[in-house]
Amino acid sequence: MTDETPLEHERRQKVARWRSEGREPYPWNFPGRVASEVVRARASTLSSGDEAIGETARVAGRLRALRVHGRTAFADIDDLSGSLQLLLRADVLGEALYQSWISDLDSGDVVGAEGAPALSRRGEPSLVVRELQLLAKAIAPPPEKFHGLQDAEERLRRRYLDLLSSPETRQRFRVRSLLTRETRSFFEEAGFLEVETSVLVPLAGGAAAAPFVTHAKYLEQDVQLRIALELPLKRLIVGGLERVFELAKCFRNEDLDTTHSPEFTMLEAYWAYADYNDMQALTERLYQRLAARAAALLPEVPEAQESARAFAAGFSKVDFVDELERTSGITGLLEKSSAQLRDLARAAGSTVPDDSPPGVFLDKLFEHYVEPTLSRPTFVLDHPLSTTPLAKRHRRLAGRVERFEFFYRGYELGNAYSELTDPDEQERRFQEQLEARAEYRYAYDADFIRALRHGMPPTTGIGIGIDRMVMALTGTPSIKDVLLFPLVRST
RNA sequence: GGGCCCGUAGCUCAGUCGGUAGAGCAGGCGGCUCUUAACCGCAAGGUCAGGGGUUCGAAUCCCCUCGGGCCCGCCA
């Protein structure tokens, strides 16, 4: 390699030396190992300076630090359960073997060790090593051992370095995995069937967002990547599956920022014979359980503890229109013309196109005046009808739909309705969107209306942003830090 | 899309008013049998993101490009 650094050259020389001695620098396995925390726990029961004579344990992990004191050396290795100090001693390993290990080991190497648990004279849980095995030679050095990888760009582009140098990052992604598993269990226990619908669709509907477009060769047609799960899942309700959910990636061809990613994970659930009041109760239970779980997994993270307390106390409820009028000082919102709403939205700093439907202006006003104030768990209820083409009109309030969005820390975590099931009204609502702006034609799904004509039971549905859920419950301010490999420009 | 900020050794960071590019970690050599950001000594390591300009002289000032961050806008 012509672009290798002197440091890499040095390490390659060590690999060559290993091979020339008939030893394998990249072996196949390391059987019989236990987690380092097992050895730590055993060693902690000993007295300082004592070794568990006659006991043997095998551990493996990445070498983080090597402190050589002449004929004794201390090596710290990390595995997923934590870290452990290895004691390498010339009098145990033999002089020649000890010296060759000291000179061949580098930080970043993956090693396996066998030996006896011990507590060092200074009280550090350790393993007195009798046998050592190189499991993978690190040609490239790890990030700085104390500060870790600080460069924000490198942390995203080279997540493996972030993970191997940051226990916090490892823990954050473990918690993400456990929270999605918990979410699945919750819906399964509530009688929902997990399904998988298609990512590639002829027409991406169910939300207003720019889709990614690609090409299917066998159809000789362009296809799109889904922007929401809503329309296929409602078809399943028509088909009699009664309670379904999907937890999967959706794609929107838009910017990456603190709370948005073009590729994101969404949970949508549809529940026949129930309404949005039932869904509110389910949502409260879900978040109480998830927040408690996250708090238990992250005892050191104050935001996680705070979230558990906040969700345990239950959600506040505010009316969309009342709350917007109260915070903005505007009166008679529902009587305003589209032009009046547009001017109000302009005054609030929005630059959405003039020909947007009136619901868009209302949403902009809400985002500007109300959202930043919603720091504790809050249901926002009963949106104006023009904001929501897929929701059923309110059973009491004129000009409204039965909908709730819920917010925490000033951003939206989810969105739910009593679903619109009247096929003719659905067709009219799609039509109104279309007339307002031609670009919304992608939301017009004729086959979906045809499905509704066969009769869809009364149903409530919800969409939950999983990435934002993880952010909220782990105290992570940026969506990029809950995505393993956020899409970044290639260099 | 707009504004502000950042890019110096593999990593973490200094670099003053424009005057010979620095430290720590990692790596090399030497020393050290209880350290844990080990320590001590020696030597090595640079396309200062890239390109152009101003200047006797540019990491430093100006312009452009690339990459990133934050805020705003867009994302019914």
Side-chain angles (χ1 to χ4, degrees), chain A residues 3-11 13-14 48-49 63-76 83-92 98 102-103 105-108 118-126 128 138-158 161 165 206-211 227 252-262 264 345 348-353 356-364 366-368 383-384 386-390 412 415 429 432-433 436-437 439-440 442-443 477-478 480 488-491:
Chain A
D3 63 342
E4 77 177 356
T5 64
L7 185 146
E8 286 168 353
H9 178 76
E10 194 67 46
R11 291 181 175 210
Q13 298 289 95
K14 292 179 184 177
S48 292
L63 191 67
R64 195 184 62 235
L66 182 64
R67 298 177 292 279
V68 181
H69 290 249
R71 305 158 78 72
T72 292
F74 304 88
D76 296 333
S83 60
L84 180 69
Q85 175 169 276
L86 305 181
L87 257 106
L88 309 179
R89 291 171 27 183
D91 58 357
V92 175
Y98 173 82
I102 294 311
S103 59
L105 280 178
D106 288 304
S107 63
L119 201 61
S120 77
R121 282 177 221 161
R122 296 289 177 88
E124 180 70 27
S126 306
V128 175
I139 300 298
E144 212 264 359
K145 68 179 172 187
F146 186 62
H147 299 91
L149 191 66
Q150 294 298 313
D151 185 84
E153 181 177 355
E154 289 291 283
R155 284 213 311 256
L156 301 184
R157 288 185 187 274
R158 308 182 69 196
L161 291 181
S165 64
I227 56 177
R252 298 184 181 179
N253 208 339
E254 288 149 11
D255 281 352
L256 179 67
D257 67 27
T258 310
T259 52
H260 298 79
S261 167
F264 65 103
S350 170
T351 60
V352 287
S356 304
V360 176
F361 302 125
L362 285 164
D363 270 331
K364 290 294 142 194
F366 187 85
E367 283 170 24
H368 182 261
H383 299 53
S386 61
T387 61
T388 319
L390 291 160
E412 184 195 342
N415 182 23
R429 298 256 210 107
E432 283 162 19
Q433 297 289 315
R437 264 174 84 191
E439 296 114 87
Y440 293 157
Y442 55 71
S478 171
K480 286 173 225 177
V488 287
R489 197 176 300 277
S490 54
T491 51

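Proteins get letters first, then strands, A, B, ... in listed order; numbering begins at 1 in each.
- Along RNA chain B, the nucleotide closest to A:Glu10 and the one closest to A:Gly148 are compared, and the more 5′ of them pairs with A:Gly148.
- Residue A:Ser120 is in base contact, counting any heavy-atom pair closer than 4.0 Å across all strands shown.
- One side chain, A:His147 or A:Glu144, offers a donor N or O that lies under 3.5 Å from an acceptor on the other.
- Between the P atom of B:rC75 and the CZ atom of A:Phe264 lies a distance of 15 Å, rounded to the nearest Å.
- Within 4.0 Å (heavy atoms only), A:Gly349 reaches sugar-phosphate atoms of the nucleic acid but no base atom.
- Residue A:Ser48 is classed as having no contact, given no heavy-atom separation below 4.0 Å to the nucleic acid.
- Going from the C1' atom of B:rU20 to that of B:rG57 covers 12 Å, rounded to whole Å.
- Counting any heavy atom pair closer than 4.0 Å across all strands shown, A:Pro389 reaches a base atom.
- At least one side-chain nitrogen or oxygen of A:Lys14 sits closer than 4.0 Å to the OP1 or OP2 atom of B:rG28.
- A:His69 contributes no side-chain N or O that forms a donor-acceptor pair with the base of B:rC34 under 3.5 Å.
- Rounded to a whole angstrom, the distance from the C1' atom of B:rG7 to that of B:rU12 is 14 Å.
- No side-chain donor-acceptor contact under 3.5 Å links A:Ser386 to the backbone of A:Pro384.
- At a cut-off of 3.5 angstrom, counting only N and O atoms as typed in the model, there is no donor on one side facing an acceptor on the other between the side-chain of A:Gln150 and the base of B:rU12.
- Using C1' as the reference atom, B:rG18 and B:rU55 are 9 Å apart when rounded to the nearest Å.
- Using a 4.0 Å cut-off, some side-chain N or O of A:Ser350 falls inside it from OP1 or OP2 of B:rC74.
- In this structure, A:Asp151 reaches the sugar-phosphate backbone alone: every heavy-atom distance under 4.0 Å involves primed, P, OP1 or OP2 atoms, never a base.
- Within 4.0 Å of A:Leu156, counting heavy atoms only, lie sugar-phosphate atoms of the nucleic acid but no base atom.
- Under the salt bridge (charged side-chain N to carboxylate O under 4.0 Å, His left out) criterion, A:Arg64 pairs with A:Asp76, A:Asp78, not counting sequence neighbours.
- Checking the phosphate oxygens (OP1, OP2) of B:rG68, a side-chain nitrogen or oxygen of A:Arg157 falls inside 4.0 Å.
- Ranking B:rA37, B:rG69, B:rU33 by closeness to the A:His147 side chain, first place goes to B:rA37.
- Base pairing annotation: B:rC4 forms a Watson-Crick or G-U wobble pair with B:rG69, both donor-acceptor distances under 3.5 Å.
- Taking 4.0 angstrom as the limit, A:Lys364 places a side-chain polar atom (N or O) nearer than this to OP1 or OP2 of B:rC75.
- Contact annotation: A:Ser107 does not reach the phosphate of B:rC25 (side-chain N/O to OP1 or OP2, under 4.0 Å).
- Residue A:Arg71 is in base contact, counting any heavy-atom pair closer than 4.0 Å across all strands shown.
- Base pairing of B:rG41 is made with B:rC29, judged by Watson-Crick or G-U wobble geometry with both donor-acceptor distances under 3.5 Å.
- OP1 or OP2 of B:rG68 has not a single side-chain nitrogen or oxygen of A:Lys480 nearer than 4.0 Å.
- The C1' atoms of B:rC62 and B:rC29 are separated by 47 Å, rounded to the nearest whole Å.
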Could you run down the sub-3.5 Å N/O contacts of the protein with nucleotides 40-45 of chain B?
none

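- Listed by chain and number, the residues in a ring pair (Phe, Tyr, Trp, His ring centres under 6.0 Å) with A:His69 are A:Phe74 (sequence neighbours excluded).
- Comparing atom distances between the A:Val68 side chain and each of B:rC32, B:rC11, B:rC75 picks out B:rC32 as nearest.
- Shown here are the ring pair (Phe, Tyr, Trp, His ring centres under 6.0 Å) partners of A:Phe264, two or more places apart in sequence or in another chain: there are none.
- Applying the salt bridge (charged side-chain N to carboxylate O under 4.0 Å, His left out) test to A:Asp91 and every residue at least two apart in sequence or in another chain returns A:Arg89.
- Using the Watson-Crick or G-U wobble rule with both distances under 3.5 Å, B:rC11 pairs with B:rG24.
- For A:Pro143, the side chain to side chain contact (heavy atoms under 4.5 Å, CB included) partners are A:Leu149, A:Leu161, A:Leu164, A:Ser165, not counting sequence neighbours.
- Judged purely by atom type and a 3.5 angstrom limit, A:Asp255 has no side-chain atom pairing as donor or acceptor with the backbone of A:Asp257.
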